[in-house]
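Quick notes on the structure that follows.
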Amino acid sequence: MVRDRGGDPRPDPRRDPPDRVPPARGHARLLGAPDHGPHRARGAGARRAAGPRAPGEAVGLTESTLPPRFDPKAIEARWQEAWARSDAFRAPAHPPGARFSMVLPPPNVTGVLTLGHVLGGAVMDALARWHRMRGDATLWVPGVDHAGLATYVEVRRRLAKEGVRIEELTREEAIAAVDRWRQDHERRIVEQLHAGGFSLDWSRYRYTMDAGSLRATRTAFVALYQDGLVYRGERMVNWDPVLRTAVSDLEVQSVEEEATLAYVRYPWADGTLGGMEVATVRPETMFGDVAIAVHPDDARYADAVGRYVIVPLAHRRVPVIADAAVDPTFGAGALKITPRHDPVDREIALRHPDLASPVEIFDESARLTGSGVPAEFRGLDRATARTRTLEALERDGLLVRTERYRHSVGRSERSNAVIEPRLSMQWFVRMAPLAAPAIAGVRSGEIRLHPERWTPTFFRWMEGIQDWCISRQVPWGHPIPVAHCRACGQDTVTLEPPSQCAHCGSRDLAPDPDVLDTWMTSWMWPFATLGWPEKTEDLAEYYPTSVLVTGRDIVFFWVARMMMAGYRFTGRAPFSDVYFTGMLQDDQGRKMSKSLGNSPDPIDVIAERGADALRFAMLFPNPVSEDGPFGAPTLDGARNFLTKVWNLVRFTLPHVPPGAPPPAPPEISTSSALENRWILARYRRAAEEIDHALAGFEPTRAVTVLHGFVWHDLADRYVEVAKEALGGRRGDPVLRETRATLLFVVERSLRRLHPFAPHVTEELWHALPHDGDLLATARWTPTDEAPADPEAEVAMESVLETIRLLRNLRAEEQVPSSATPPAWVRPAGPEIADVLAREQATVARLARVTSLTLLGATDPAPAGAAGRVAPLGECYLERPTAAPAASEALLRERAKLTALLEKERARLADAGFRARAPSSVVAEVEEKARDLAERVRRIDDHLRAAGSPPAG
RNA sequence: GGGCGCGUAGUCUAGUGGUUAUGACGUCACCCUGACACGGUGAAGGUCGCCAGUUCGAAUCUGGCCGCGCCCA
């Protein structure tokens, strides 16, 4: 760290910003901690006050004033301000060394953040804080997205409630109305992001419609236009008749729906009896029919091809044609051809150029207004027209029959309106040439997807990619940078809005009235936020970005397109790794979604539980990359764990001597206390796994390891064992070593926990002696600070296992908790005997036995004692005199071991196993069988001694 | 209809050829033991969806079936 300050236990950044805290190397006693509610009468404080001597007084403990539970509200805002004031998250301009950069997927100003956003945020912040602590120049760019159509629809709906139709406003009024909404939501989103404690660089905040984004979008459009990758053309598009705009293929959801399939007779034009029977779910489109098509090989209609029929109600003559695209098994095997209103029909019509040119029958709201529509139906909407045409057909005797029919219907993602395929003039991006480098990038591993299993889906979509319709007929969005010349009819496409036509020089120009699909801007987010198209320093320093974290639901909308834009406009992949998060589900297993209204506002959860608990709960225990439930139990778990950490520090504080220096790796040798060697070894193992998991995009694994290590190894086992040494009862050198070890491991655990629970760890870190201003900018310490020590791990396992066995016996024999009976152990080997001899006192204390006697191999079992047989040997515990001999557990154990033994013996009896399995495996099984047999024998001895003969 | 993925204790989950199948939540019993009852200790709970196959050996590999989910038509 640059400055060695700190020591002031609870800096209040509102009064004392961290960089102005006077250097004070004091003891870490907490001063002025707010009283968090009445302390319960029971507990340590009360006991100490009442007792003759507070434990630890003899060794100079200091009373901690941290309350037993932490109150997130009391600390979170304070640290958020401290981080902000110290510019901790502002990425340096010209950093040496490694870079780590990310963009926050810009939340849509359509709404506010959901818990899903917090999930992504928790993952990103973990990565950002981890890299920052590792010393990488770290940049995480915040911003919001104008979310074109989505926001427009939302505002449109809101205005409609107030009785205002947005279509009736002027363009300027409509834009102003949407922009007011945007500002309101933008403010709330920023507030939410602050409340989450995310380490975003707010100095680089961006908006997808700010000046830079406008310039980037315009530049990209012009470049693509000049390359011929953007073109205008009359194509069949997905038309949303409610919003009266085209939408892209991705914005159409296909839904299974039930419809009426009508069999309609088209009479022969020559007056012959009969006609062609055609099945359709859309009889109202018959006014646009130009033909009836049958399959060329369909024998039923061989004579029909070339004849003419009359379109019912419209009374027009159309030919019967043959086309291989017709499915002869569907309906009657004849298809009416309405080229302006069905993509398949259009394809067929294009193959038959002699057909009459198709007529438009719908207006932009899908009302029947075309010239070919009989007066009876003119002005009707699609649904009414469908009913009326069926009625009319029935009246005219042309409706043969109807049947129910399930088929999939395209609905607009935004308005839920049934999409009307419509031939219209739109702007498109040619995708295949843009997709190729992105496909290659993923294939070569230049871009990696995590979890990997999503790559096939990615390739499938990319390889079948269609051109992208980018024009929208709404006011809200980036204007299409094209001017149409009224004089010569040509387009002028330039970076700056032109004052005259580039072709004829006329000044009579009309700007294109449409706007761009919102993704035409967001696909450039990773570099547009860094200043592109200008050659900025940020772009040079921080592009390409490192990781993109997002939900799988926008892989095609956004992730794939960012790759395309990245390669096209910067020549590079926009990021090297993509991490997909899962979707959260509510308590009932339903997806959390805005429409269901089952995602709480993160602000409310944070107010109630704290940002740390919320974020931690996002990562644990359910895997981040899988869909999974999220609710109160998960939050409770996170809160409980953080309270555990809090109390671990509360326990540690009194053992920090006044004036203690910041924690350093303790001097450890093979003569050190076993528990100290062990916890250091365990810490090292955990730290290595955490680092490995983070590097491998497995945040849940990192958090799981932390949770297990801190709670079980450190708090449950180490602290309990170390209490003896910490009480000074094992002598001064051991006390010093143990204090140093405790402080070191606790402090280093806070460091590794910080990316996942930044506020509470920051608070606790400041309560301990520390070097530097903030944990957020402290070092990610190397794992080899703590020595690997497999020997200590094995030895400690024996100690812990002995304790567990004796506790188990206590419970089974219903030994009263106040009793401390004598116990015996017959170790299975000399190493275990050694360890237990040295750690006798620890075992006795934690198993609450009055003495622990080690038995030799030939010593008889203590009479009347309850016993267990385990791999490490046999444990005996004096049975309460009143208790009946309980041998159920022993019998259960025997049954289990016998079953295992059978299995191993069967394997050994198998000649094939002996012949083909590796000899090491055979030896292992032999050893295991010997051991099992020995244990069964001992159990039998024991049962005989206890007077209950072994079963079987 | 096509593609992809997933089925492990009541729930969620770890585990890519040899482990007495991991952990969390929940459940049961005992316990307010010098930080934590948002806690401690111990226990119970699984034919690893089903059926075949490969292999000396399968939760793990292959095939089929059943169920669920997602994406695309």
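Hydrogens, waters and symmetry mates are skipped; everything else that's a heavy atom, side chains included, is used. Each chain gets a letter, A, B and so on, in the order its sequence line appears, and its residues count up from 1.
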Side chain of [X] only, please: which of [options] is the nearest?
{"X": "A:Arg460", "options": "B:A35, B:C72, B:C31", "value": "B:C72"}
{"X": "A:Arg639", "options": "B:G39, B:C38, B:C72", "value": "B:C38"}
{"X": "A:Arg907", "options": "B:A43, B:U19, B:A35", "value": "B:U19"}
{"X": "A:Ser408", "options": "B:C56, B:A73, B:C71", "value": "B:A73"}
{"X": "A:Val921", "options": "B:G18, B:C71, B:A73", "value": "B:G18"}
{"X": "A:Pro623", "options": "B:U20, B:A24, B:U13", "value": "B:U13"}
{"X": "A:Ala715", "options": "B:A35, B:A37, B:G18", "value": "B:A35"}
{"X": "A:Ser817", "options": "B:C71, B:G40, B:C31", "value": "B:C31"}
{"X": "A:Arg453", "options": "B:C38, B:G5, B:A24", "value": "B:G5"}
{"X": "A:Pro633", "options": "B:G42, B:C25, B:C72", "value": "B:C25"}

Pick base, sugar-phosphate or nothing for [X], based on heavy-atom distances below 4.0 Å to the nucleic acid.
{"X": "A:Val719", "result": "base"}
{"X": "A:Asp636", "result": "nothing"}
{"X": "A:Ala915", "result": "nothing"}
{"X": "A:Pro451", "result": "nothing"}
{"X": "A:Glu720", "result": "base"}

With a 4.0 Å limit, can you tell me whether [X] has a side-chain N or O closer than that to the phosphate oxygens OP1/OP2 of [N]?
{"X": "A:His655", "N": "B:A35", "answer": "no"}
{"X": "A:Arg804", "N": "B:A43", "answer": "yes"}
{"X": "A:Lys903", "N": "B:G57", "answer": "no"}
{"X": "A:Arg650", "N": "B:A35", "answer": "no"}
{"X": "A:Trp711", "N": "B:G40", "answer": "yes"}
{"X": "A:Lys928", "N": "B:U20", "answer": "yes"}
{"X": "A:Asn640", "N": "B:G39", "answer": "yes"}
{"X": "A:Asn808", "N": "B:A43", "answer": "yes"}

Separation of [N] [atom2] from [X] [atom1] (nearest whole Å):
{"X": "A:Arg914", "N": "B:C56", "atom1": "CZ", "atom2": "C1'", "answer": "12 Å"}
{"X": "A:Asp627", "N": "B:C6", "atom1": "CG", "atom2": "P", "answer": "13 Å"}
{"X": "A:Arg916", "N": "B:U54", "atom1": "CZ", "atom2": "C1'", "answer": "12 Å"}
{"X": "A:Glu924", "N": "B:G57", "atom1": "CD", "atom2": "P", "answer": "18 Å"}
{"X": "A:Gln466", "N": "B:C72", "atom1": "CD", "atom2": "P", "answer": "13 Å"}
{"X": "A:Glu812", "N": "B:C28", "atom1": "CD", "atom2": "C1'", "answer": "14 Å"}
{"X": "A:Gln814", "N": "B:C31", "atom1": "CD", "atom2": "C1'", "answer": "14 Å"}
{"X": "A:Met583", "N": "B:C6", "atom1": "CE", "atom2": "C1'", "answer": "16 Å"}

Base partner of [N], which must satisfy Watson-Crick or wobble distances under 3.5 Å:
{"N": "B:G10", "value": "B:C25"}
{"N": "B:G1", "value": "B:C72"}
{"N": "B:A35", "value": "none"}
{"N": "B:A52", "value": "B:U62"}
{"N": "B:G57", "value": "none"}
{"N": "B:C30", "value": "B:G40"}

Between the base of B:C38 and the side chain of A:Thr643, is there any donor-acceptor pair under 3.5 Å?
yes

Given the structure, check if the side chain of A:Arg935 and the base of B:U20 hold any donor-acceptor pair shorter than 3.5 Å.
yes

Would A:Glu720 and A:Tyr718 count as a side chain to side chain donor-acceptor pair (under 3.5 Å) if you check the C-alpha gap in whole Å, the side-chain angles of each, and the deciding distance to 0.1 Å?
CA-CA 5 Å; A:Glu720 289 310 319; A:Tyr718 175 73; over 6 Å; no

Quick one: does NZ or CZ of [X] land under 6.0 Å from the six-membered ring centre of [Y], within 45 degrees of the ring axis?
{"X": "A:Arg443", "Y": "A:Phe459", "result": "yes"}
{"X": "A:Arg561", "Y": "A:Trp468", "result": "yes"}
{"X": "A:Arg552", "Y": "A:Phe580", "result": "no"}

A:Val649 or A:Phe641, whichever maps to the more 5' nucleotide of RNA chain B
A:Val649

Between A:Ile803 and A:Pro871, which residue's closest nucleotide on RNA chain B lies nearer the 5′ terminus?
A:Pro871

N-O pairing of [X] and [Y] below 4.0 Å:
{"X": "A:Arg453", "Y": "A:Glu626", "result": "yes"}
{"X": "A:Arg639", "Y": "A:Asp612", "result": "no"}
{"X": "A:Arg935", "Y": "A:Asp931", "result": "yes"}

Please state the C1' separation for the pair B:C71 and B:A14 - nearest whole angstrom.
27 Å

Parallel, tilted or perpendicular, as decided by the 30° and 60° cut-offs, for the rings of A:Phe641 and A:His707:
tilted

Nearest 0.5 angstrom please: A:Thr802 OG1 to A:Arg868 CZ, how far?
13.0 Å

